[in-house]
Amino acid sequence: MQALSYSVPWYRHPLARIVLTSLWLGLLSMPLMIELEAPHFGLERPLLVAGVVLLLGLVQWFVAQSQRLGPVWTDRLMDAGGAAARNLTRRIDRRLLYILALAAALVIPLGLNRYYVDVLTQVGIYITLALGLNIVVGLAGLLNLGYIAFYAVGAYVYGLLATRIDLSFWQVLPLGGVLAAVFGVLLGFPALRLRGDYLAIVTLGFGEMIRIVLNNWDSVTGGPNGIIGIARPSLFGFTFSQPIHYYYLILAVVLLTIFAVDRLNRSRLGRAWTAMRDDEIAAEAMGIDLVKTKLLAFGLGATWAGFAGVCFASKMTFISPESFTFFESVLVLCMVVLGGMGSIPGVILGAAMLLILPEMMRQFALYRMLIFGAAMVGMMVIRPKGLLTARRRVVPQWQREHGRAPAIVEPQGDPTECEQSGRPSSHAPEADAILLETRGLSIDFGGLRALDMVDVCVKAGEIVSLIGPNGAGKTTFFNSVTGLFAPASGEIRYRGQNLVGLRPHQVCAKGVTRTFQNIRLFHDMTVLENVMVGGHSRTRAGALGAIIRPKGVTREETELMAKAIDLLRFVGLWEKGNLWASQLPYGDQRRLEIARAMASEPTLLLLDEPAAGMNPQETNALMDLIYAIRARGITVLLIEHHMKLVMGISERIVVLDHGVKIAEGVPAEIKADSRVIGAYLGKAADHA
């Protein structure tokens, strides 16, 4: 029997569709672009539109084809080029590159005229702005469309204080940053529970509110006329009156901004921002206070906008609301996105491109924005993650020699060496004391009762399993204990303290931590940094400490890294510490999640189906690992469907069915319980 063949119409071919689409868009643009008095009626303009669209379409088609043919030539070429670039980077000392870049920034303006020096000064101001927004958008993942409002706050603070009470630039510069930070925190409070489009709308409204206030409060801000006669900065009698003077002043501000933002990124706070951006639930479960972390992102990002605003007002000596429009916010956001969110060199490159290239294309006055916009679209098609993609392989500078870092706690042997038949005698001194107890715990979701009067008791040093059919309420029980769900009634007591009403990061700080049924790692971080995030609740360094790095902060970070190394050795992942978490196989990701949870120094570890998806060999290794965890004095409460693991490792088992506890006892009693057999285990349980 002959196979049927279908011929595709010519107009459905990808190349034909690209050509037809470009011609159609060129035709649609004709009413907007033709001029009856121009030569040839200005038809070259719609033809240019069609040509740009055609070029972008061909580029996209070529990228798609190269991805299909990648193993043949493109992937090999990219791998070879990437390997060559990495080898070259390793051989070149980055400090030398920094020195060369600084020397170029100092020397190049000396050979330029006033106009180009002024352009470079404007680039420096926008780099400061973009690096501040990079904290909010690139690191913390909070979309802010009203960022230019903080720029306006800094500018108007200097304009008002310099003209009315004669304060100097150096007096107002820190004050402008502080007041902008205050406004940033005020914006952060109503936006704490918002993400994505909703957060963008709220921040956009805030930016417009500030602009309208500046435009209408004539008695203070001067209204549409703005503020004139703003004093230029001076230092020890020297007045910054020439463009080159302002250039070096702004260069100093830019260097300070780069230094501070880089140190924030490579700190405890930077890890918290990245973790929060990747997965808020997992971040909070690891002890990160989302409210404080978000407010710090808004406040610190606004601080640099305030600094930039003060510099802008001193440079222009005149400000008005027209300088702080929504378009400016979009422009700064484009710098961050085009350069690469989270990447400091990328943001600098993005700011330079978006300000210098339009100036270079002024000879194409009629078409420069069209060409420039098309180039932006094309760049996003080819490099959607930005020119210089940011990936967090950023172990702090003082921790580079991590191979020599001393372990804080020596592993008590390889977990694979633990005996499977005889459980280690590992009970802590408080053995048999009640560690976790729930009384009458009930949780409702609308009209559905997920947990109904559940009483569970876990003693120190035990390994207890929580089993039941799907939908029995096991994960809901974990979520209520760790603060993700608020119970409708009942008590949750840990070491005699009531956990009801505490947020997940507060529960983690008490000593209760967990893993998740569906693995929730921070994929934009390395294996080592994932574990270091787990120790967030046991460290105390703040934003100022991250920038200044006193000895206490350095010691704290070094000890945290040593503990992370110890835990990676403990779970058998030490050699994979520099890989991205997403590069690990499934079983290793499970072990990494356990190591991350142990980094918070828990006394009670909740494991949610850790053996799900594992093969028999990995499951046996997991049993040994759980024994080894208990040997470190950590009590384990386990949710699992793998009956061999549950019956072989548990000292007690609690059974839930439809949110109700139907049985509790040792494994032999559970296997023989008729209610458990009927609800969950089935007849085959006798042979499990």
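Using a 4.5 Å heavy-atom threshold, the side chains of K576 and D588 count as touching. Between V533 and M525, the closest side-chain pair of non-hydrogen atoms falls below 4.5 Å. The side-chain heavy atoms of M647 and H642, taken from C-beta on, include no pair separated by under 4.5 Å. Contact annotation: the side chain of L300 approaches that of L269 to within less than 4.5 Å [non-hydrogen atoms, C-beta and beyond]. Looking at F477 and L451, their side chains come closer than 4.5 Å, going by heavy atoms from C-beta outward. Side-chain contact check for L584 versus L579: some heavy-atom pair is nearer than 4.5 Å. Considering only heavy atoms from C-beta on, L187 comes within 4.5 Å of T203 through its side chain. Residues L607 and R514 have side chains not in contact (no heavy-atom distance under 4.5 Å, counting atoms from C-beta outward).
Not one N or O on the side chain of T482 forms a donor-acceptor pair closer than 3.5 Å with the backbone of A285. Put simply, the side chain of E609 never gets that close to the backbone of H641: no donor and acceptor are under 3.5 Å apart.
Within the model, atoms CG of L645 and CG of L638 stand 6.0 Å from one another, a figure rounded to the nearest 0.5 Å. C508 contributes atom SG, which lies 12.0 Å from atom CG of L502 (distance to the nearest 0.5 angstrom). Interatomic distance, OG1 of T274 versus CG of D524, reported as 8.0 Å (0.5 Å rounding). Atom CE of residue M532 and atom OG1 of residue T526 lie 8.5 Å apart, to the nearest 0.5 angstrom. For the atom pair I662 CD1 and S674 OG, the distance stands at 9.5 Å (nearest 0.5 Å). Put simply, CD1 on I649 and CD1 on I463 are 4.5 Å apart, with the number rounded to the nearest 0.5 Å.
R439 meets the side chain to side chain donor-acceptor pair (under 3.5 Å) test with E437; sequence neighbours excluded. Taking H505 as the reference, nothing meets the side chain to side chain donor-acceptor pair (under 3.5 Å) condition, with sequence neighbours excluded. With sequence neighbours left out, the salt bridge (Lys or Arg N to Asp or Glu O under 4.0 Å) criterion links D657 to no other residue. When the ring pair (Phe, Tyr, Trp, His ring centres under 6.0 Å) test is applied to F183, no partner is found at least two apart in sequence or on another chain. By the side chain to side chain donor-acceptor pair (under 3.5 Å) test, Y198 is found to be paired with no residue, residues two or more places apart in sequence or in another chain being considered. Residues that satisfy the ring pair (Phe, Tyr, Trp, His ring centres under 6.0 Å) test with F516, not counting sequence neighbours, are absent from this structure. I547 is linked by a side-chain contact (heavy atoms from CB on, under 4.5 Å) to F259, A260, L264, counting only residues two or more places apart in sequence or in another chain. For A581, the side-chain contact (heavy atoms from CB on, under 4.5 Å) partners two or more places apart in sequence, or in a different chain, are L521, H523, N530, L592. Listed by chain and number, the residues in a side chain to side chain donor-acceptor pair (under 3.5 Å) with E664 are R652, K661 (sequence neighbours excluded).
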Residues T513, M286; criterion side-chain contact (heavy atoms from CB on, under 4.5 Å); working and verdict: CA-CA 7 Å; T513 191; M286 291 301 106; 3.7 Å; yes
Step-by-step side-chain hydrogen bond (donor to acceptor under 3.5 Å, both in side chains) determination, D608 to T475: CA-CA 7 Å; D608 196 345; T475 299; 3.1 Å; yes
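Residue G461 comes nearest to T635 through the heavy atom pair N-OG1, 2.7 Å, listed as atom of the first residue, atom of the second, then distance. Taking each heavy atom of L441 and P487 in turn, the nearest pair found is CD1-CB, 3.5 Å. Across all their heavy atoms, G535 and L560 have their closest contact at CA-CD1, 3.9 Å. A pairwise comparison of heavy atoms in L295 and V185 identifies CD2-O, 3.8 Å as the closest pair. When all heavy atoms of F298 and N144 are compared, the pair lying nearest together is CE2-ND2, 4.1 Å. Between V676 and V655, the closest heavy-atom pair is CG2-CG2, 3.9 Å.
Using a cut-off of 4.0 Å between Lys/Arg side-chain N and Asp/Glu carboxylate O, K563 and D566 are scored as not salt-bridged. With salt bridges taken as basic N to acidic carboxylate O contacts below 4.0 Å, one links E557 and R271.
Annotation: side chain to side chain donor-acceptor pair (under 3.5 Å) contacts involving residues 532-545, sequence neighbours excluded, comprise R268-H536, R268-T539. Sorted by first and then second residue, the pairs that involve residues 444-455 and meet salt bridge (Lys or Arg N to Asp or Glu O under 4.0 Å), not counting sequence neighbours, are D444-R449, R449-D452. Residue pairs meeting the salt bridge (Lys or Arg N to Asp or Glu O under 4.0 Å) criterion with at least one member in residues 497-506, sequence neighbours excluded, are E284-R503.
Of the listed residues (L622, I639, L625), just one forms a side-chain contact (heavy atoms from CB on, under 4.5 Å) with P610, and that residue is L622.
Taking the six-membered ring for Trp and the full ring otherwise, F485 and F445 have centroids separated by under 6.0 Å. Residues F206 and F150 place their aromatic rings such that the two centres sit under 6.0 Å apart.
Both tests hold for R596 against F522: distance to the six-membered ring centre under 6.0 Å, angle to the ring axis within 45°. Cation-pi geometry between R632 and F570 is satisfied (NZ or CZ under 6.0 Å from the ring centre, within 45° of the ring normal).
At most 12 non-hydrogen atoms from other residues, nucleotides or ligands lie less than 6.0 angstrom from CE of M453.
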